[in-house]
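Remarks on the structure that follows.
Order of listing sets the numbers, starting from 1, for every ligand and every atom in it.
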Amino acid sequence: MKLHEYRSKQLFSQHGIPIPRGRVAMTAREAKLIAQELGGRVVIKAQVLVGGRGKAGGIRLVDSPEEAEEVATHVLGMQVKGLPVRRILVDEAATIKSEIYLSVTNDRNKQCPVIIASAEGGVDIEEVARTKPEKIVRVHVDPLLGMRQYQARQLAASIELSRECWQEFGNIVWGLYQTFVDTDATLAEINPLVISENNRLLAIDGKMIIDDNALFRRPELAEMRDLEEEKPAEREARRFGLSFVKLDGNIGCMVNGAGLAMATMDVIKLFGGEPANFLDIGGGAGADKVAAAFNLILKDEGVRAVLINIFGGITRCDEVARGILAALKEVEGTLPMVVRLVGTNEDQGRHMLRNANMVVATSLGDAAQKAIQLSTEGQST
Ligand code: GDP
Ligand code: MN
């Protein structure tokens, strides 16, 4: 779950990280009042859950409350990368000498958190990562020992931070690491952490992603989910406990098990097709869950054929087949469907599905090829 900038910065602030004074507004009039309170020179920031708002015109510096109102009207009416701006953050404008990048995330290969820093932070950090990877430095943290103060000094030295900022930088790295741990985040990022004219540090942008699997024990964070910003399909999937990621291809996939879902997508690609989604319905899914999964797939207008790949272990294949048939009665619309069903009572299960006019495949490779074939046939008619 992504958090808005203003939420992220509030969490940072609670962990001792300096952030600009500011508040959220939903109307231009409010923005003007906040700008008055803050002394006029403010930055108006679109609160949408995508990066690169600055380049898209969603971050605007203004010099007076009147200008704040005018610009706020404009920003509140705009879309940033297709997302309508419903809220803006009005922050006291910072004077910037330079911009640092600082984040904490998990290094999956090393199986531990990693703190990443760069002296060349700001809106072009992706470009820096591509063209000057040596400008991005990392220290790994032993999750059992926790972060050590020397690690912040290591980072400070590596990014050649001026000595007088080390103390403050150390506190910020510490605060960011604690924020990361305390919220079960998978990312806590400050970009940029700015150095002001008088060499003070200030986190002017914040981004956090909270691990969805930890939200059950972080109810105060779960409440921060911005439903308006989520795609309807993602919302539906969460409601039914499905892991769903929409992709750009035309073969809808319905699979039980994340690993099997990945393998299914790989095999589709191997034979030259493109999956329309990743979808894991999980083990022991009942007919209602299967129906919800079908609905998600069928609502995607790009889908031309569906590949159902089920391994019936604990749940027997005839049960699965019954579930699929029951679910199909509930969903609207239809598409060519290919099924690969393997496991306990597979013969019975296949028989039931064949009788219902589904294409039953013998292997995953066979299923992928049949689905690809059906998806192209659909296009020419
Ligand atoms: P992003 O584009 O979504 O990452 O939004 P940011 O909040 O990071 O803003 C983008 C850029 O706008 C920053 O890297 C800064 O260069 C600039 N910016 C943002 N806030 C301020 C501010 O208060 N003062 C100044 N001078 N520049 C700012
Ligand atoms: Mn930024």
Using the side-chain hydrogen bond (donor to acceptor under 3.5 Å, both in side chains) rule, collect all pairs that involve residues 28-47, keeping only residues at least two apart or in two chains. E5-K45, E5-Q47, R23-E37, T27-E30, R41-D63
Only pairs at least two apart or in different chains count here, so list each side-chain hydrogen bond (donor to acceptor under 3.5 Å, both in side chains) that has a residue in residues 168-177.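 Qualifying pairs: E168-R200.
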With a cut-off of 2.8 Å, which protein N/O/S atoms are close to the Mn ion (ligand 2), if we only count those under it?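 Less than 2.8 Å away from the Mn ion (ligand 2) sit N191 O, D205 OD2.
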Verify the distance criterion only: is there a donor paired with an acceptor across the side chains of T264 and N309 at less than 3.5 Å?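 Yes, side-chain donor-acceptor contact under 3.5 Å.
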Tell me yes or no: between the side chains of K97 and N198, is some donor less than 3.5 Å from an acceptor? no
Out of R217, R218, R225, which one pairs with D212 under the salt bridge (charged side-chain N to carboxylate O under 4.0 Å, His left out) rule? R225
Between E346 and R350 (salt bridge meaning N to carboxylate O under 4.0 Å), is one present in this structure? yes
D366/R340 salt bridge by N-O under 4.0 Å criterion: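 Salt bridge: no.
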Measure across N256 and G282 and return the closest heavy-atom pair with its distance rounded to 0.1 Å.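 Shortest heavy-atom separation between N256 and G282 comes out as CB-O, 3.5 Å.
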Which atom pair, heavy atoms only, marks the closest approach of M254 to A293? SD-CB, 3.6 Å
Between the protein and ligand 1, are there any N or O atom pairs that come within less than 3.5 Å of each other, and if so, what are their names and distances?
{"unit_1": "ligand 1", "atom_1": "2 (O)", "unit_2": "R53", "atom_2": "N", "d": "3.2"}
{"unit_1": "ligand 1", "atom_1": "2 (O)", "unit_2": "G54", "atom_2": "N", "d": "2.7"}
{"unit_1": "ligand 1", "atom_1": "3 (O)", "unit_2": "R53", "atom_2": "N", "d": "3.0"}
{"unit_1": "ligand 1", "atom_1": "3 (O)", "unit_2": "R53", "atom_2": "NE", "d": "2.8"}
{"unit_1": "ligand 1", "atom_1": "3 (O)", "unit_2": "R53", "atom_2": "NH2", "d": "3.4"}
{"unit_1": "ligand 1", "atom_1": "4 (O)", "unit_2": "D205", "atom_2": "OD2", "d": "3.1"}
{"unit_1": "ligand 1", "atom_1": "5 (O)", "unit_2": "R53", "atom_2": "NH2", "d": "3.2"}
{"unit_1": "ligand 1", "atom_1": "7 (O)", "unit_2": "K45", "atom_2": "NZ", "d": "2.7"}
{"unit_1": "ligand 1", "atom_1": "7 (O)", "unit_2": "R53", "atom_2": "NH2", "d": "3.3"}
{"unit_1": "ligand 1", "atom_1": "8 (O)", "unit_2": "N191", "atom_2": "O", "d": "3.2"}
{"unit_1": "ligand 1", "atom_1": "8 (O)", "unit_2": "D205", "atom_2": "OD2", "d": "3.0"}
{"unit_1": "ligand 1", "atom_1": "14 (O)", "unit_2": "E99", "atom_2": "OE1", "d": "2.8"}
{"unit_1": "ligand 1", "atom_1": "16 (O)", "unit_2": "E99", "atom_2": "OE2", "d": "2.6"}
{"unit_1": "ligand 1", "atom_1": "23 (O)", "unit_2": "A94", "atom_2": "N", "d": "2.8"}
{"unit_1": "ligand 1", "atom_1": "24 (N)", "unit_2": "A94", "atom_2": "O", "d": "2.9"}
{"unit_1": "ligand 1", "atom_1": "26 (N)", "unit_2": "A94", "atom_2": "O", "d": "3.3"}

